[in-house]
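Quick note on labels: first sequence line is chain A, next is B, and so on, each numbered from 1.
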Protein chains: 2
Amino acid sequence: MYRGRMPRSKGDHEARRRDVSAAVWHVMATRGFAGLTLRAVAAELGATTGLLTHYFPTKRALVEYALDLLEQRTLSRPRREAGQGLAAFRDALLDILPLTPEAVDSNRVWVSSWDAALSDPALSADYARKYAQGRERLRARVAAAQDLGELPRGDPAQIAAGAQSFVLGLVVQALIDPATFTPERQVELLDGYLAALAGGGS
Amino acid sequence: MYRGRMPRSKGDHEARRRDVSAAVWHVMATRGFAGLTLRAVAAELGATTGLLTHYFPTKRALVEYALDLLEQRTLSRPRREAGQGLAAFRDALLDILPLTPEAVDSNRVWVSSWDAALSDPALSADYARKYAQGRERLRARVAAAQDLGELPRGDPAQIAAGAQSFVLGLVVQALIDPATFTPERQVELLDGYLAALAGGGS
DNA sequence: ACATTGACACAACAAGTGTTGTGCAACAAG
DNA sequence: CTTGTTGCACAACACTTGTTGTGTCAATGT
């Protein structure tokens, strides 16, 4: 006996894949990477596992697609771009922090996936590449700020790497202890860091 | 038919529990939290799952014991204590970084457990508490450095929180991309950070 | 109107999981 | 030597997991 819901019309294959991926995203954000099971995703979607295997041959393919989509969405999200030089550098760092609920979810997924990434050399290398790209973007902004005289001279790549570490650690702290690391506190800490970089005023 | 190995003599119950926990530790460091299975631990130990259930009623108890032991061992490990003031602050931060293979393993286990911690409010609160303790210890060292005039005035708690974020992010980067973030590079980045804190010299 | 095809539900599968129970060996106490 | 007790192997358990196959509905092309 068939008691399924009305299926989608044809032709929106890719759109449906994104729907599925969104469900994956939500399950990961709430239950963590370890709690990411096909049946949980299906339940989140109000469907069965048959739907999932229809759109993705294997679980790994599903997760990879979801992570790629997350990265792509992260890259194309609306960014702050209020200023130039040091302000632009600050904006880029603020964009990483979990200051909004959506950003919290994204970072949550991110951190959760580290466990799997550290056990899988291929994934690990992929992550290393993505972080290196992020560092390169930061480096360009550091150099621009230096040209404007807003940051002291010094290897911009090293400054970028340090700033990336700083916000990355801040992300982790904010996720684990959101009560202490409120959005205001995060911004405060970041500004303190930038002030120290700029030259040590109080 | 019984073909078991020679069992230990009696009375070393707690010692055997630590052996088991060491195996847990190793499995977590190599296969990640997701790969931590009772049979994997048993195999690592050259035993069966029956041994594990003999010493621990449930898997959760086993993991909790292993994590507690990790924390305890981390707290009681030999620490650098070369100097005072800013040097002591630096030493405390260096102690966190994965500069040695053992420290890499410890941090590896740590990062792996974040996934589970973020999905479990109780664990999450526990981690938040531990991090807060670490911050408090750092705060004391910051204050001491300020008293010596080696660090400029400013809220020592905020400086400690920032430094903790910095090293924490550096830990993650070093684990994911050890080729880029070699021990020397890590120390270099940390010293750059401290130099910026101290007042912005190149 | 009919055939085809895409979109799923549903059930079953093998493999792996944590857990439980039974039983044997070695030690310790009487 | 007997008798308990500890330390563990071994096997079976109920369950969850990813995966596969089959069947049925709705949409589409002809």
Between [atom2] on [N] and [atom1] on [X], what's the gap in Å once rounded to a whole number?
X       : N      : atom1 : atom2 : result
B:Leu51 : C:dG18 : CG    : P     : 15 Å
A:Asp12 : C:dA7  : CG    : P     : 7 Å
A:Leu62 : D:dG18 : CG    : C1'   : 11 Å
A:His13 : C:dA7  : NE2   : P     : 7 Å
B:His54 : C:dG21 : NE2   : C1'   : 14 Å
A:Phe56 : D:dT17 : CZ    : P     : 19 Å
B:Tyr55 : D:dA9  : OH    : P     : 10 Å
A:Arg31 : D:dT16 : CZ    : C1'   : 13 Å

Q.
Please list all pairs meeting salt bridge (charged side-chain N to carboxylate O under 4.0 Å, His left out) that have one or both residues in residues 62-73 of chain B, counting only residues at least two apart or in different chains.
A. B:Arg60-B:Glu64, B:Glu71-B:Lys130
Q) Which listed nucleotide (D:dC8, C:dT19, C:dA9) is nearest to the side chain of B:Thr58? A) C:dT19
Taking only residues two or more places apart in sequence, or in another chain, which ones meet [X] in a side-chain contact (heavy atoms from CB on, under 4.5 Å)?
X        : result
B:Ala144 : none
A:Val104 : A:Pro98, A:Leu175
A:Ala128 : B:Ile176, B:Asp177

Q | Intra- and inter-strand pairs of DNA chain C in dot-bracket (Watson-Crick or G-U wobble, both distances under 3.5 Å; | for another strand) | A | ||||||||||||||||||||||||||||||
Q) Does any N or O in the side chain of B:Gln186 come within less than 3.5 Å of the main-chain N or O of B:Phe181, such that one atom is a donor and the other an acceptor? A) yes
(Q) Checking A:Ser112 against A:Arg108: is there a side-chain donor and acceptor pair closer than 3.5 Å? (A) yes
Q | Test ring pair (Phe, Tyr, Trp, His ring centres under 6.0 Å) applied to A:Phe166 - qualifying residues, sequence neighbours left out | A | A:Tyr193
Review item, side-chain donor-acceptor pairs of residues 155-163 of chain A, under 3.5 Å, at least two apart:
unit_1	atom_1	unit_2	atom_2	d
A:Asp155	OD1	A:Ala157	N	3.1
A:Gln158	NE2	B:Glu188	O	3.4

Q. So does B:Arg16 get a side-chain nitrogen or oxygen closer than 4.0 Å to the phosphate oxygens (OP1/OP2) of D:dC8?
A. yes
For a quick test of your reading: what N or O donor-acceptor pairs under 3.5 Å do the side chains of residues 34-44 of chain B make, sequence neighbours left out?
unit_1	atom_1	unit_2	atom_2	d
B:Glu44	OE1	B:His26	ND1	3.0
B:Glu44	OE2	B:His26	ND1	2.9

Write out a two-atom table: protein N or O, nucleotide N or O from nucleotides 12-17 of chain C, distance below 3.5 Å.
none

